[in-house]
Structures are given as structure tokens and as C-alpha cells.
Amino acid sequence: MAVAAFPSCGARRLNARPWLHAVRASASSPSPSASPLPPPPEIDALAAPPRSDSAAAVAPTPRSFFPKRGQTLELVCESLAFKGKGVCKVADTAFVVMCDRALPGERFLGRVTRKKGSYAEATKLKTITPHRDAVEAPCQYASYCGGCKTQNLSYEAQVRAKEQQVRDLIVHVGRFSDKDPDFVAIFKPIVPCDLQFHYRNKMEFSFGAERWMPRDVSSGKEEQMEIGYALGLHAPGFFDKVLHVDKCLLQTEATNKVLAVIQDSWRDPKLGLSPYNVHTHAGFLKHLMLRAGRDVNTSNPEVMVNFVTSSYEPNLLKPLVDKISAIPEVVSVMNNVNTSVGNTSVGEEEYTLYGKSTITEMLRGLTFQISANSFFQTNSHQAEVLYKLIEDCAGLRGDSSEIVLDLFCGTGSIGLSLARRVKHVYGYEVVAEAISDARRNAKFNGIHNATFVQGDLNKINDSFGNDFPKPDIVISDPNRPGMHMKLIKYLLELQAPRIVYVSCNPSTLARDLDYLCHGLAEKGIRGCYHLRSVQPVDMFPHTPHIECVCLLELC
């Protein structure tokens with residue numbers, strides 16, 4: 001496959017906002033014709049043939065425009081950027097305005113909330129012309145909680161937008177040409193999720209001393225706090241504002257049943273339960289975590305309830321525990337005690353108040369024990385699809401001869417799902433609790449050819465790799481920041497035949513693919529891999545999150 005050439009001179013700077021770079025690139029082109037679903041501007045810029053001098057001479061020049069904070073503008077959303085914000089332009093200008101909850105093709109009024117150099121951010125006030133794929137969000141909280149930003153967009157349009165976002169990043173940041181004949185075969189259509197609601201096996205809610213009431217932008221009323229305890233989700237961007245919710249359509253029916261019982265009970269003054277106040281640091285209840293799994297023998301739902309409190313007071317929780325333990329699906333009630341002033345849900349101490357300390361989930365023929373603070377795939381159903389894609393990319397020979405290096409292995413679920421078909425799996429992860437879970441899960445499933453080691457992959461040194469043989473396959477599943485340059489250099493020196501890169505952030509994925517395939521000339525780093533496939537996967541419908549599975553093969 002042909003790859004992009006290095007710049008002929010000067011240092012290459014990775015654009016931190018590729019969507020903005022792409023929109024700027026299209027600024028010199030005429031605006032796309034109005035349509036219900038115009039293609040993203042960055043694709044227009046790439047697809048359009050070079051203009052002749054005469055064509056350039058008659059092209060309208062966009063006027064300069066510099067909005068002020070508080071100014072109301074008429075905007076048209078042209079595409080969705082990564083993280084789900086709408087990329088909008090002011091009419092007859094090239095000025096970019098980012099707006100949350102704006103949909104491609106939608107014409108609306110927006111109020112500028114801040115200006116950041118060459119672009120601005122706005123809040124949507126009123127829709128003038130809706131997007132043709134707009135739907136009514138089934139959740140009453142969808143416009144406020146921030147968890148389901150695209151519930152008002154049809155699911156088919158959601159996955160189209162996500163696929164386009166990944167494609168744009170692979171082209172603009174990764175420097176892979178979509179004009180290359182091989183690109184069509186390399187870039188795969190996104191895999192949608194069959195379950196668009198009730199797919200999350202873990203939800204975390206917060207207790208609050210006051211209820212946050214969202215601002216009514218149409219009436220001009222400001223947001224306010226209402227007297228009365230709250231249990232729900234944080235307002236977007238705020239650690240101290242809690243939107244009270246009675247039901248979440250993303251979590252399972254069983255966990256919604258538990259949430260309803262708790263909401264009906266915990267505010268009873270007779271119980272003497274007080275929510276934690278993040279400003280005064282007074283109060284008892286901090287968080288409520290609900291986890292769902294399945295019984296190994298019956299496949300019936302199992303629910304774990306975890307109360308995170310500021311102190312250990314089991315007698316205070318007993319009336320609640322008695323109520324929720326009567327729900328057949330509840331098999332575990334835990335109490336994590338977090339005495340710090342921080343807002344974390346992980347406690348310094350953990351107690352079992354009812355039932356067992358773990359629940360189970362089945363994945364790719366394996367059984368995983370999940371504790372209150374375990375790291376585990378949040379969408380079990382789609383994880384089955386994701387892991388099958390990873391296995392297909394790995395291209396195992398099936399003769400149990402291969403060595404797999406599993407980087408950022410978490411609780412070992414990916415490596416363990418491959419272990420029975422390979423010679424040995426070596427997993428590395430920085431979180432000690434995750435490594436403990438991985439070892440326990442290997443033992444529980446009778447897998448003896450997997451070694452899990454705690455280590456920070458952002459701080460590897462020359463001795464890294466001395467404790468395992470050269471791998472045939474490297475699987476890398478980093479968190480959102482992607483891989484550190486030290487690790488990329490190590491992989492380029494290691495030269496394993498295949499790398500399967502699993503990513504939850506297509507922006508840093510595209511950057512790392514660029515380094516692994518094209519290198520970094522100004523630092524003397526030479527790439528040595530071919531990109532063979534990019535497979536987007538929708539793990540979390542109605543959210544901006546995108547998962548990708550990529551295969552790289554040694555040149």
C-alpha cells in the first residue's frame with residue numbers, strides 16, 4: 001500500500017484539533033449546497049478536484065467574522081466532530097462554531113458562550129430547520145444529563161456520523177490517503193450495536209444535597225438549584241450539580257428496578273440518611289454503583305449494589321439493604337468507604353453487607369468474576385462482537401505455537417479469550433487491582449498459560465521485554481491518551497509480525513498509526529508497519545464514544 005510521503009522540510013506538528021484543521025482546509029471552497037444531510041466539509045475539501053485559476057477568481061471570498069460572547073447567531077451544522085459536538089459555520093463566513101447537541105444539516109439559533117482564538121463555542125437556543133434524521137428522544141433526561149448526546153438522532157444516522165469521524169481522522173491525522181486504491185478494502189464499515197438501550201452493565205449515580213434544575217434556554221431562565229435531596233447524574237461539566245433521575249434507559253431493566261426501590265426509600269427522614277455535600281464535606285451517602293451480570297448456571301441476571309459512603313455505618317444502611325435484598329436479581333450489596341474529600345467512587349475499605357462479594361459475567365466462553373471495583377467491558381453484548389473481531393485480526397494459526405503480548409490488558413479479558421489457542425499470553429497493566437482480577441480470572445477458568453504483570457507502559461526502559469520471548473502478535477488496548485512515544489519506539493524496534501490496536505479514541509489512534517506506519521522524520525523514527533484494516537465498532541449507542549480494531553502487519 002502506498003503511504004504518504006514525509007514533509008519535505010520543517011518539523012511536522014500534529015494538529016490537536018483535526019476537525020478544525022479540516023474545516024479550515026475547506027474554507028477556500030464554496031460552501032456545500034444546502035441539503036438535509038450535507039457531507040462533512042473535510043470530505044468536500046478532499047473530494048473536490050483542484051480548481052482552475054479562473055474558477056478561483058469567481059469564487060466568493062468568505063468575509064471576516066469575529067463573534068462576541070453572548071451574541072446570538074443563525075448557524076448551520078455541517079458535521080459532527082469527535083466527542084459529538086456539531087461543527088457549524090456562520091453564514092457566508094468560514095468561522096467555525098462548535099455547538100453541543102447540534103445535528104448535521106440542522107439550522108438553528110445559537111448563543112456564543114466563549115471564543116477560543118479562531119473558533120467559538122455556542123449553546124443551541126432554538127431549531128429553525130431540523131435535521132431530516134432527527135427523532136424524539138425517548139428519555140426525559142436526554143437533553144440535560146450529557147450521557148446520551150445523540151438520542152435525538154436516528155441510530156442509522158449516528159453510526160454514519162461515527163464512521164465518518166473515524167475515516168476523517170485516519171486520513172487527516174493518520175496521513176493515510178483515501179485516494180489509495182487499497183483504502184476501500186482497509187477501511188471497513190462500522191459495526192452497529194444490536195442493543196441500542198439497556199446495554200450498560202455498570203452505572204454510577206451520585207447523591208446530592210440539592211437538585212440541579214437545567215436552564216430553560218427558550219425562556220431565558222437561568223439554571224437553579226432546588227431544595228431537596230438528589231440521586232442521579234452530574235450535570236455536564238460540573239462536579240457539584242446532580243440531576244435527579246428515576247430511570248436510565250442505558251442500564252439494564254434489573255438495575256432500573258433496583259434504582260426505583262432506592263429512590264422510593266432513601267429520602268425517608270426516618271432513615272436519617274444524608275447525601276454528601278462536596279463543598280462542606282458533610283454527609284454520609286456519596287455514590288450508588290449498580291452492576292449487572294449473569295448467573296453461570298442459569299444465565300439469569302445478577303445485580304450488585306455498591307453504596308459509597310464517607311464512613312462505615314452499616315446500621316444506617318440496613319433498612320435500605322433489607323429492601324433491595326428482597327429483589328430476586330440482587331445477589332450482592334457492597335459498601336465502599338471513602339473518607340477522603342475527593343469525589344471518587346473507590347473506597348479505602350470495602351465491606352459485604354449482603355450476599356457475595358462478586359457477580360459473574362460470561363464472555364467468549366469464559367466466566368469472569370466481577371468485584372465492585374473491577375475493570376470490565378461496560379457493554380457485555382457488544383464486547384462479544386469486539387473480541388471476535390480482535391481474534392479475527394490476530395489471525396491465529398490454531399496450532400498453539402504463538403506468543404501474544406497483551407498491552408494495557410486490564411483484567412485480562414482479551415488475552416484470556418485467546419489463551420486457549422496460543423502458546424502463552426503475557427499481559428501488562430499499571431493498575432494493581434486489575435492485575436489481581438486478571439490472575440483470579442485465569443485461575444477460575446483453568447487457564448495456566450497466561451502471565452500478568454503490573455507495570456507502567458508509559459515508563460518502560462531498556463530492560464522491558466527481557467521477561468518474555470519475542471511475541472508473534474501484540475495486542476494494544478490503551479486508554480484515551482493512546483500510546484506513549486517510548487512504547488511506540490519499543491514496538492518499532494521489537495518488530496512483531498502483527499499488531500492488533502484496539503482503541504476507544506480514534507484521534508489518538510490515528511496519531512499512533514501514523515507513527516507506526518510512517519514514522520516521525522524529525523525525530524529519526526522510521527515506521528515499519530502496513531495498515532491492513534480499520535474496523536470501527538459502536539459500543540455505546542447514543543453517545544459520542546467509538547471503538548476501533550486495527551490490524552498492522554510488518555513491512
Side-chain angles (χ1 to χ4, degrees), residues 1 166 169-170 174 176 182 185-188 190-191 363-364 366 377 382-429 438 449-452 457 465 468-480 482-484 487-488 490-506 508-517 527-539 546-555:
M1 181 188 73
V166 176
L169 289 164
I170 294 297
F176 296 93
D182 293 332
I186 290 170
F187 193 86
K188 313 293 184 184
I190 190 169
V191 177
L363 191 61
R364 299 289 292 164
L366 301 175
Q377 286 286 350
Q382 196 71 338
E384 289 273 359
V385 176
L386 181 71
Y387 285 18
K388 178 63 167 61
L389 291 169
I390 294 170
E391 183 175 330
D392 291 345
C393 275
L396 302 178
R397 291 192 291 264
D399 58 1
S400 300
S401 63
E402 291 154 304
I403 301 295
V404 174
L405 177 60
D406 187 6
L407 303 176
F408 308 96
C409 66
T411 56
S413 54
I414 294 177
L416 291 174
S417 69
L418 302 176
R420 287 173 177 164
R421 298 187 59 198
V422 303
K423 184 176 181 179
H424 206 95
V425 172
Y426 294 88
Y428 283 80
E429 168 64 47
N449 61 332
T451 302
F452 296 102
L457 292 166
F468 54 83
K470 181 176 178 177
D472 302 283
I473 303 159
V474 173
I475 296 174
S476 183
D477 187 8
N479 51 16
R480 299 188 63 77
M483 294 194 295
H484 193 278
L487 182 58
I488 290 174
Y490 169 77
L491 292 176
L492 290 173
E493 293 172 0
L494 179 67
Q495 296 195 4
R498 295 188 298 284
I499 296 176
V500 180
Y501 194 137
V502 186
S503 171
C504 61
N505 184 345
T508 53
L509 165 69
R511 178 203 66 197
D512 293 349
L513 293 179
D514 181 22
Y515 293 154
L516 290 167
C517 295
C528 63
Y529 282 92
H530 281 313
L531 179 62
R532 294 305 187 195
S533 69
V534 178
Q535 177 66 77
V537 182
D538 187 22
M539 294 290 291
I546 313 170
E547 201 88 8
C548 291
V549 180
C550 300
L551 172 63
L552 299 99
E553 291 184 346
L554 193 64
C555 296

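Model, not experiment: these values are computed from the prediction. Worth knowing before you read on, the calculation uses all heavy atoms, side chains too, and leaves out hydrogens, waters and symmetry mates.
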| Just by distance, do the side chain of D406 and the backbone of G427 share a donor-acceptor pair under 3.5 Å? | no
| Can you check whether G410's main-chain N or O pairs, donor with acceptor, with E429's side chain at less than 3.5 Å? | yes
| Do the side chains of L491 and L407 get nearer than 4.5 Å, heavy atoms only? | yes
| Gap separating the CG atom of L516 from the CE atom of M483, nearest 0.5 angstrom | 5.0 Å
| request: May I have the step-by-step check of side-chain contact (heavy atoms from CB on, under 4.5 Å) for I186 and L531, ending in yes or no? | output: CA-CA 7 Å; I186 290 170; L531 179 62; 4.0 Å; yes
| field | T508 side chain vs R480 backbone, donor-acceptor pair below 3.5 Å | value | yes
| query | Roughly how far, to the nearest 0.5 Å, is SG of C517 from CZ of R532? | reply | 9.5 Å
| field | Of V385, D538, L386, the residue whose pairing with E547 passes side-chain contact (heavy atoms from CB on, under 4.5 Å) | value | L386
| message | Tell me if a side-chain donor or acceptor on R498 pairs with a main-chain N or O of A394 at a distance below 3.5 Å. | response | yes
| field | V404 and D472, any side-chain heavy atoms less than 4.5 Å apart | value | no
| remark: On a heavy-atom basis, the closest approach of S401 and R397 is OG-NH2, 2.9 Å
| Taking all non-hydrogen atoms of both residues, which atom of L554 and which atom of C528 are closest, and how far apart? | CD1-O, 3.4 Å
| Euclidean distance, S413 OG relative to L363 CG, rounded to 0.5 Å | 6.5 Å
| message | Looking at every non-hydrogen atom in both residues, tell me the closest pair between P471 and A496 and how far apart they are. | response | O-CB, 3.7 Å
| Side chain to side chain, I473 and I403, heavy atoms closer than 4.5 Å | no
| Below 4.5 Å, heavy atoms only, C-beta onward: do C504 and N479 meet side chain to side chain? | no
| task | Evaluate the side-chain contact (heavy atoms from CB on, under 4.5 Å) criterion for residues L418 and I475: first the C-alpha distance (whole Å), next the side-chain angles of each, then the deciding distance (0.1 Å), finally the verdict. | result | CA-CA 11 Å; L418 302 176; I475 296 174; 3.3 Å; yes
| remark: The complete set of ring-ring contact (aromatic ring centres under 6.0 Å, His included) pairs with one or both residues in residues 405-425, sequence neighbours excluded, reads H424-Y426
| How long is the gap from CG on L551 to CD1 on I390, to the nearest 0.5 Å? | 12.0 Å
| query | Within the side chain of E384, is there an N or O that forms a donor-acceptor pair under 3.5 Å with the backbone of R364? | reply | yes
| query | Under 3.5 Å, is there a donor-acceptor pair between the side chain of N449 and the main chain of A419? | reply | yes
| request: Would you mind reporting whether H530 and L552 have side-chain heavy atoms less than 4.5 Å apart? | output: no
| field | Q382 vs V537, side-chain contact (heavy atoms from CB on, under 4.5 Å): CA-CA, chis, key distance, verdict | value | CA-CA 9 Å; Q382 196 71 338; V537 182; 3.8 Å; yes
| query | What heavy-atom pair brings G415 and V425 nearest, and what distance separates the two atoms? | reply | O-CG2, 3.6 Å
| message | Within the 4.5 Å heavy-atom criterion, are C550 and S533 side-chain neighbours or not? | response | no
| Between E402 and K423, is there a salt bridge with N-O shorter than 4.0 Å? | no
| said: I need the Q535 CD to L389 CG distance, nearest 0.5 Å. | reply: 5.5 Å
| task | Report the distance from atom SG of C555 to atom CD of Q495, rounding to the nearest 0.5 Å. | result | 9.0 Å
| query | Hey, are the side chains of Q377 and Y387 touching, using non-hydrogen atoms and a 4.5 Å cut-off? | reply | yes
| field | ring-ring contact (aromatic ring centres under 6.0 Å, His included) evaluation trace for Y501 with Y529 | value | CA-CA 12 Å; Y501 194 137; Y529 282 92; over 10 Å; no
| Should F452 and L416 count as side-chain neighbours, where that means a heavy-atom distance under 4.5 Å? | yes
